[in-house]
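Proteins come first, then strands; the chains are lettered A, B, ... in the order of their sequence lines, and each starts at number 1. Computed from heavy atoms alone, side chains included, the values below leave out hydrogens, waters and symmetry copies.
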Amino acid sequence: MIDIKLIIENPEKVQRLLAKKGFDVSFSSLLKLNEERKTILMKVESSKAEQNKLSASVPLLKKEGKDVSGIFKKVKQLSDDNKSDVLKLEKIEKDIYDILVVLPNLPDEDLLPGGKENNKVIHTYGKKPVFAFKAKDHVELCESLGLVDYQRAAKISGSGTWIYTNLGARLEWAILNFFISEHLKDGYEFIIPPHILNYESGLVAGQFPKFEEDVFWLEGISPRKFILPTAETALVNLHRNEILKEEDLPKKYFAYTPCYRKEAGSYRTEERGMIRGYQFNKVEMVQYTTEEGSNAAFEELVQKAAKLVEKLGLHFQISKLAAGDCSHSMARTYDIEVYVPSMDIFKEVSSASNARDYQARRGMIRYKDKSGKTKFCHTLNASGLATSRVFPAILEQCQQEDGSVKIPEALVPFMGGIKVLKPIK
RNA sequence: GGAGAAUUACCCAAGUGGUUGAAGGGGUCGGUCUUGAAAACCGAUAGGGGAUGUAAGUCCCGCUAGAGUUCGAAUCUCUAAUUCUCCGCCA
């Protein structure tokens, strides 16, 4: 949620920043509503004050044996007269909320406007692997190595899904465990959240009301619930409606959950295999920080995500996203993108974002600073990482001429010492 | 899934219609005493949102949430959420 005070004080600035995200908005009606709100609020409150005063005088007068029926009548009259204004006020407040709740977060000043085309690669690690043989894509490799079963997945579930089998399952699990152990080393707290969340959680994360259609809703449960599209949705709601202490910040969490998304429908032929499915595994990091601490936390998250890919020895790059390519709730986003040889492109394995106080305002997530002032936290998140892109990248980047795949050293301890995956046919 | 009970400030907890911005504990902070500590004693400390104002202040809303009854609600009614207990079912 954008602070309405910011809009009132500087509507042009907010307008200009939102334009960078491709949002063309005018605040004239919002500003007008706000003026109306103030006028009516004052009226409503002063009537309330008078009613309170009169009512408060009743006990004393009663004790003195005086007749109070006149006061009853007067207060009733005041209350009745006030009713229409109270309703009007409620309507205006709802209208204001409806306008604010759909606005995306403001992008940081330093971001380029526009979409993907203006993303800038700011760091590249490693080199494109060169193969002296005809390299396979990850779908072929999964098949020949016996790691994934797409056919049976289609049978028991449907399209957009897959089954990790045997060593595939072990590799997937090893990757996740590797991530988990790294985060533990860095002092992040491990969280295993429920996968079924309530509406409020989606709202606070900023997914709702705009993207209600993008998640899976459960039937037969009330109030309605959805399955999380990312662990961020759960983690960022952990401290909803809480006031934290400044000395407890930053709070650093990570969680492993599958992520359930409808976007697999946007399948394109090049996104074969496990590049985009209805369900994928991801370890997610979230930090709650002070206002002052959020830039440093962002750097840390980006570095942490990058470090994971680096330790796997994969070729990857970091992109600074243009304003329009940042998520709805985010002020800035850097993507860590791993190279997928068969597609000859870089695919996102992590999105590190700073929501600043946007989510915190929605969820009333606050902290008391040293002077005792209550402020909104900043929330940040980064995948660390999504396996569904890492897994194919490992297979494709680490494949050898004989059709085997060399397991990255960092993963070997988590693979029970297995160093190479050999073709089974 | 069925039945019952609960939800008050950092924590426990009193409070069943009117000076309740909420008794009493505990905690926390400060002090006395002590070589230091503990104990004891003394004192301080009650959240949050909003309106107005340069400020001090004044006012509105806050006792899980929402709605209602009433001149007036923490207190009565309804709805919901959560927690606990019992029964059922089960990995």
Between [M] and [N], how far apart are the [atom1] atoms? Round to whole Å, please.
| N | M | atom1 | answer |
| --- | --- | --- | --- |
| B:U32 | B:G24 | P | 26 Å |
| B:G68 | B:U75 | P | 15 Å |
| B:C59 | B:G25 | C1' | 34 Å |
| B:G47 | B:U64 | C1' | 15 Å |
| B:A23 | B:U8 | P | 15 Å |
| B:C11 | B:U28 | C1' | 11 Å |
| B:A73 | B:G62 | P | 8 Å |
| B:G26 | B:A44 | P | 15 Å |

Which whole-number value in Å describes the distance from [X] [atom1] to [N] [atom2]?
| X | N | atom1 | atom2 | result |
| --- | --- | --- | --- | --- |
| A:L89 | B:C61 | CG | C1' | 11 Å |
| A:E35 | B:U52 | CD | C1' | 14 Å |
| A:I8 | B:A51 | CD1 | P | 8 Å |
| A:K225 | B:U82 | NZ | P | 6 Å |
| A:K94 | B:A67 | NZ | P | 14 Å |
| A:N82 | B:C61 | CG | C1' | 13 Å |
| A:K245 | B:U28 | NZ | P | 11 Å |
| A:K43 | B:G50 | NZ | P | 24 Å |

Show me the protein contacts with nucleotides 8-11 of chain B, counting only N or O atoms at under 3.5 Å.
none

| Least distance between heavy atoms, A:A355 atom then A:N105 atom |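 It is O-ND2, 2.9 Å.
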
| note | Closest heavy-atom pair, A:S404 versus A:K422, reported as atoms and distance to 0.1 Å, is CB-CA, 4.3 Å

Between [X] and [Y], is any side-chain donor less than 3.5 angstrom from a side-chain acceptor?
| X | Y | result |
| --- | --- | --- |
| A:K136 | A:S144 | no |
| A:T379 | A:Q359 | yes |
| A:E396 | A:H138 | yes |

| message | Going by the glycosidic torsion and a 90 degree boundary from 0, is the base of B:G62 oriented syn or anti? | response | syn

| Closest-nucleotide ordering on RNA chain B, the 5'-leading residue of A:K53 and A:V75 |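 Here A:K53 is the residue nearer the 5' end.
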
| said: With nearest nucleotide decided by heavy atoms, which residue, A:E90 or A:M364, maps closer to the 5′ end of RNA chain B? | reply: A:M364

Is the shortest distance from a Lys or Arg side-chain nitrogen in [X] or [Y] to a carboxylate oxygen in the other one below 4.0 Å?
| X | Y | value |
| --- | --- | --- |
| A:K252 | A:E300 | yes |
| A:E212 | A:R224 | yes |
| A:E182 | A:K185 | yes |

Closest to the [X] side chain: [options]?
| X | options | value |
| --- | --- | --- |
| A:N52 | B:G49, B:U52, B:C61 | B:C61 |
| A:M42 | B:G48, B:C71, B:U52 | B:U52 |
| A:K368 | B:G48, B:C71, B:A51 | B:G48 |
| A:R366 | B:C61, B:G48, B:C71 | B:G48 |
| A:K62 | B:G18, B:G49, B:C60 | B:G18 |

[X] near the nucleic acid: base, sugar-phosphate alone, or nothing, with a heavy-atom cut-off under 4.0 Å?
| X | result |
| --- | --- |
| A:L41 | sugar-phosphate |
| A:K74 | nothing |
| A:A49 | sugar-phosphate |
| A:S57 | nothing |
| A:L54 | nothing |

Is any side-chain nitrogen or oxygen of [X] closer than 4.0 Å to OP1 or OP2 of [N]?
| X | N | value |
| --- | --- | --- |
| A:K38 | B:U52 | yes |
| A:T374 | B:G48 | yes |
| A:R37 | B:A51 | yes |

| said: Is it the case that over 12 heavy atoms from other parts of the model lie below 6.0 angstrom from the NZ atom of A:K43? | reply: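 No, NZ of A:K43 has 12 or fewer neighbouring heavy atoms, counting only those of other groups under 6.0 Å.
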
| query | Can a cation-pi geometry be assigned to A:R261 and A:F216, taking NZ or CZ under 6.0 Å from the six-membered ring centre and within 45° of the ring axis? | reply | no

| Does NZ or CZ of A:K304 fall inside the cone over A:Y188's six-membered ring, less than 6.0 Å from its centre and within 45° of the axis? | yes

| What base-paired stems does RNA chain B take part in, with at least 3 consecutive Watson-Crick or G-U wobble pairs and both distances under 3.5 Å? |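 As far as RNA chain B goes, consecutive pairing (with distances under 3.5 Å) yields the stems B:1-7 with B:81-87, B:10-12 with B:24-26, B:27-32 with B:40-45, B:48-52 with B:57-61, B:64-68 with B:76-80.
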
| Would you say the side chain of A:E45 and the base of B:G50 hold a donor-acceptor pair, judged only by whether the two atoms sit under 3.5 Å apart? | yes

| Given A:N177, A:T387, A:N281, the one that forms side chain to side chain contact (heavy atoms under 4.5 Å, CB included) with A:Y256 | A:N281

